[in-house]
Amino acid sequence: MSTEARSNFLKTQIQSDLDAGELSHLVTRFPPEPNGFLHLGHAKSITVNFELAKQFGGRCHLRFDDTNPEKESQIFIDAIQEDVRWLGYQWDGEVRYASSYFQQLYDWALHLIDEGNAYVCDLSADEAREYRGSLVEAGRDSPHRTRSVAENRDLFERMRAGEYPDGSRVLRAKIDMASPNINLRDPILYRIRKAHHHQTGDAWPIYPTYDFAHGQEDAIEGVTHSICTLEFEDHRPLYDWFIEHLPVPSRPRQIEFARLNTSYTMTSKRKLKQLVDFEVVEGWDDPRMPTIAGLRRRGYPPAAIRHFCEEVGTSRSDSIVDVAMLESAVRNQLNIEAPRAMAVLNPLPLTITNREAAEVLAVANHPGDESMGTRSVPFTPELYIDAADFREEANKKYKRLVIGKRVRLRGGYIIEADRCDHNSAGEVSHVYARVIEGTLGEDPPDGIKAKGVIHWVSATAGLSAEIRCYDRLFTDPNPGKTEDVMTVLNSQSLVRLEHAVIEPVLATAAAEAIYQFEREGYFVADRYDHSSDRPVFNMTIGLRDTWSDPHG
RNA sequence: UGGGGUGUCGCCAAGUGGCAAGGCAGCGGGUUUUGAUCCCGCCAUUCGCAGGUUCGAAUCCUGCCACCCCAGCCA
C-alpha cells in the first residue's frame with residue numbers, strides 16, 4: 001500500500017509554492033463549525049489537512065469556526081476534539097476559535113468603512129434578496145449604499161453597542177451589485193444577533209459572517225493554504241477581496257477539492273438527524289452511522305479510515321467512491337491487528353462420543369504473527385459448531401462436516417460425524433462425532449485427510465454473548481439523492497444474535513477490543529454495552545467470502 | 001438565458017506534448033489447520049464527442065455535449 005508517493009493537485013501546488021520561495025513552511029487548518037458531529041466527509045478533510053502538513057513538515061491547526069452561536073454548542077466542541085484525536089491527529093498548539101478574533105474582525109470592519117468599502121444597510125432580508133437580482137439578472141444598489149463614512153461608522157458602532165434589534169441592519173461590503181458572481185453583490189459582513197455565544201458569552205450582539213471571517217482567521221493564524229470543498233469556489237474572489245483590502249498579517253490562499261461521497265452512505269446532517277429523531281438508529285454513534293463516532297463504535301480502526309482517505313485520493317471531480325474500498329481498507333488493517341478467536345453465531349450442539357475428559361488446547365492468536373502468542377481454549381466432549389457447518393449429506397464442494405466425513409476443528413482435532421438428531425420441525429438439532437486420535441497438529445495416521453476446517457466453542461466452558469450483526473443502512477447506492485430517507489432504509493441493517501457462544505477468553509475483552517472470529521469476520525467489544533458478565537460484540541465487517549455456493 | 005467547475009477501465013485515480021501508473025471490484029491459478037490472509041496471472045490500441053495544430057496529443061487550439069455548484073442576515 002504505497003500511497004505516500006501518489007501525487008495530487010494539492011501536493012503539486014504546495015510543492016510549487018514552496019519552491020517559489022515565498023513560504024518558509026506550510027500551515028493548514030481543519031476548521032469545523034461546532035454545530036454537529038463529524039462524519040466520514042470530515043475525516044477526509046482532516047486527513048487531507050493533517051497529512052499535507054505532515055508530508056511537507058508544516059503545521060495543522062484545529063480551529064472552530066464559531067461565527068453563528070445559535071447553531072453551536074460546547075458539546076460539539078468536545079466531541080470534535082475527541083474525534084480528531086481518535087483519528088490519530090494532534091493539532092498544532094492550542095485549539096483555536098474564530099470567536100477569539102472577534103475584536104480584530106470588528107476593527108477590520110471599521111477599516112473597510114473608513115476606506116469607503118463597507119456600509120450599513122437597513123434593507124430587510126426579503127428586500128435584500130430582491131435587490132440582489134438573480135442568476136441571470138444584475139442586482140440593484142441598496143438605497144443605503146451611498147451613506148457617508150461618518151454615518152456608517154456611527155451606525156455600525158451602535159450595532160455593536162446593541163442599540164438595534166436583531167435583523168434590523170447589516171454591514172455590507174461595497175463591491176458590485178451587477179457582478180455575475182453573486183457572492184460579490186455587496187455581501188453581508190455582520191448581522192445583529194443578540195445570542196449568547198458558547199465562548200464569548202454576551203459580549204457581542206453582532207456576529208461576522210463566514211465570508212468576512214474565514215480568510216481573515218486564516219491570515220491571523222498564518223495559514224498558508226486554506227483547503228476547503230468545491231462549493232466555496234465561488235467565494236474565492238471574495239476571500240481574496242478581503243485579503244487585498246485589509247491590513248492582514250499574511251496572505252493565505254484558498255484551494256478547493258471535491259468532497260468525499262461514498263456509495264450506500266449519506267452525510268446530510270438534516271437527513272441523518274431524522275434517523276436519530278425517528279429512532280431508526282440508536283443515536284449519532286450508532287454503529288451504522290457514517291459519523292466518526294459511529295465508525296468507531298462499529299470497530300473501524302482509525303488507521304483504516306486514514307488509509308482509505310489516502311487511497312481514494314484528492315481531486316476536483318465530483319465522485320462517489322465505492323464503499324467496498326472503505327471495507328477493503330478496514331479488512332486490511334484488521335487482518336494485521338486483530339487477534340483471532342472463535343465464536344459460534346448460530347449454535348448447533350455436537351457431542352464427541354469418544355471423549356469424557358476436558359482438555360486445554362493452546363491455539364495461536366494470529367496465523368501470521370507469532371508475536372501475538374497463543375491462548376488456552378478448552379476442548380470438552382460437549383461442543384457447539386455453527387448450524388451452517390453441518391449437513392447430513394452434501395456434494396464435494398461442501399468443505400464442512402457431513403455424516404461419515406471428516407473435518408478439522410480449528411486449532412484442534414479432526415473429527416468424523418456419525419449421526420444426528422432432529423427436532424420436531426425436522427431440523428438437525430444435535431450432531432454426534434468422534435475424534436480421530438493422533439490428529440492434534442498432525443495429519444491423520446490413516447492418511448484420510450479432513451475436508452475442511454470449522455470453528456467451534458466448548459458448550460460447557462463457552463459463554464453466552466450477544467452479537468449485533470450490521471449491514472449497510474441504505475438500500476440505495478446514492479441515498480443522498482433521495483428526499484425521503486425512510487424509503488431507502490435497509491430493514492435488515494441490524495440483526496441481533498442473542499444466543500451466540502464465545503470462547504471464555506473473550507469475556508476479558510476490553511471495551512473496543514477487536515477480534516477476528518475465525519471464518520466469520522471482525523467483531524468489536526461494544527464500547528458501552530460490553531462487560532465480562534454480559535459480553536456484547538458488534539460485527540465490524542465480515543471476512544471476504546468467495547465461496548460461490550449460493551445456498552451457503 | 002449569467003457565473004464558476006468537472007469529464008481517463010464497473011468505482012476511485014496518476015498522467016502537465018513522446019506513445020495510458022496504482023488501488024477497489026471482477027475473473028483465472030497456487031499455498032493454506034480461517035472457503036480468510038498470502039502469492040502469481042488477466043482486466044482501457046484508448047482518455048465525453050467532433051474537428052484542428054504537430055513527426056507525435058489524454059495532454060495544445062476550436063466547437064459541441066453531459067454532469068455538479070451559486071440567488072442564507074448558514075458554513
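Here is the naming used below: chain letters follow the sequence lines, and residue numbers restart at 1 for every chain.
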Summary of side-chain hydrogen bond (donor to acceptor under 3.5 Å, both in side chains) pairs that have at least one residue in residues 438-451 of chain A, sequence neighbours excluded: A:Arg406-A:Asp446
For B:A66, the Watson-Crick or wobble partner whose two distances fall under 3.5 Å: B:U6
Charged N-O contact under 4.0 Å between A:Asp122 and A:Arg169: yes
Matching residue for A:Tyr300 among A:Ile292, A:Val524, A:Leu295 - test: side-chain contact (heavy atoms from CB on, under 4.5 Å): A:Leu295
B:G22 versus B:G15 - spacing of their P atoms, nearest Å: 15 Å
B:U34 base / A:Gln516 side chain donor-acceptor hit below 3.5 Å: yes
Pair A:Thr12, A:Gln15: side-chain N/O donor-acceptor within cut-off below 3.5 Å: no
Whole-Å gap separating C1' (B:G10) and OH (A:Tyr264): 12 Å
Contact list (N/O, under 3.5 angstrom) for nucleotides 37-40 of chain B vs protein:
| residue | atom | partner | partner atom | Å |
| --- | --- | --- | --- | --- |
| B:U37 | OP1 | A:Arg544 | NH1 | 3.3 |
| B:U37 | OP2 | A:Arg544 | NH1 | 3.2 |
| B:U37 | O2' | A:Asn335 | ND2 | 2.9 |

Rounded distance in Å between the P positions of B:C27 and B:C43: 16 Å
Rounded distance in Å between the C1' positions of B:C40 and B:G52: 46 Å
Side-chain N or O of A:Arg519 closer than 4.0 Å to phosphate OP1/OP2 of B:G35: yes
Criterion side-chain contact (heavy atoms from CB on, under 4.5 Å) against A:Phe379, the qualifying member of A:Val457, A:Val360, A:Val363, A:Leu409: A:Leu409
Integer angstrom distance from the C1' of B:C9 to that of B:G26: 12 Å
Charged N-O contact under 4.0 Å between A:Arg306 and A:Glu51: no
Inter-nucleotide C1' distance (B:C68, B:A44), Å rounded: 25 Å
Side chain to side chain donor-acceptor pair (under 3.5 Å) partners of A:Glu337, counting only residues at least two apart: A:Gln333
Interatomic distance, A:His366 NE2 vs B:A36 C1' [rounded to whole Å]: 11 Å
Touch class at under 4.0 angstrom, heavy-atom based, for A:Gly521 against every strand present: nothing
Euclidean distance, atom CZ of residue A:Phe257 to atom P of B:A14 [Å, nearest integer]: 13 Å
Euclidean distance, atom OH of residue A:Tyr239 to atom P of B:G4 [Å, nearest integer]: 21 Å
Distance-only donor-acceptor check, side chains A:Ser319 and A:Ser317, under 3.5 Å: no
Side-chain donor-acceptor contact under 3.5 Å, A:His214 with A:Arg29: yes
For nucleotides 15-17 of chain B, print each protein N/O atom paired with a nucleotide N/O atom at under 3.5 Å, atom names and distance only.
| residue | atom | partner | partner atom | Å |
| --- | --- | --- | --- | --- |
| B:G15 | OP1 | A:Ser7 | OG | 2.3 |

Interatomic distance, A:Phe308 CZ vs B:A13 C1' [rounded to whole Å]: 13 Å
Electrostatic pair A:Arg236-A:Glu256, nearest N-O below 4.0 angstrom: yes
Cation-pi check, A:Arg472 onto A:Tyr264 ring (under 6.0 Å, within 45° of axis): yes
Parallel, tilted or perpendicular, as decided by the 30° and 60° cut-offs, for the rings of A:Tyr106 and A:Tyr190: perpendicular
Mutual orientation of the aromatic rings belonging to A:Tyr398 and A:Trp547 [parallel < 30°, tilted 30-60°, perpendicular > 60°]: tilted
Sugar-phosphate, base or nothing in reach of A:Leu440, heavy atoms under 4.0 Å: base
Salt-bridge criterion met for A:Glu233 and A:Arg316 (N-O under 4.0 Å): yes
Sugar-phosphate or base contact per nucleotide [nucleotides 69-75 of chain B; S, B, -; heavy atom under 4.0 Å]: BBBSBSB
Between P of B:U6 and CG of A:Asn261, the distance in whole Å: 17 Å
Between B:A25 (P) and A:Asp545 (CG): distance, integer Å: 13 Å
Partner of A:Arg172 under side-chain contact (heavy atoms from CB on, under 4.5 Å), chosen from A:Leu123, A:Asn152, A:Leu189: A:Leu123
Touch class at under 4.0 angstrom, heavy-atom based, for A:Gly412 against every strand present: base
Side-chain (A:Asn346) to main-chain (A:Asp386) donor-acceptor, under 3.5 angstrom: no
C1' gap between B:C70 and B:U37, integer Å: 49 Å
Strand partner of B:C38, provided both Watson-Crick or wobble distances fall under 3.5 Å: B:G30
P gap between B:A50 and B:A66, integer Å: 16 Å
Separation of atom CG in A:Asn478 from atom P in B:C68, rounded to whole Å: 11 Å
Gap in Å between the two C1' atoms, one belonging to B:C47 and one to B:C19, rounded: 13 Å
RNA chain B contacts among residues 315-329 of chain A, heavy-atom distance under 4.0 Å: A:Ser315, A:Arg316, A:Ser317, A:Asp318, A:Ser319, A:Ile320, A:Val321, A:Asp322, A:Ala324, A:Met325, A:Ser328
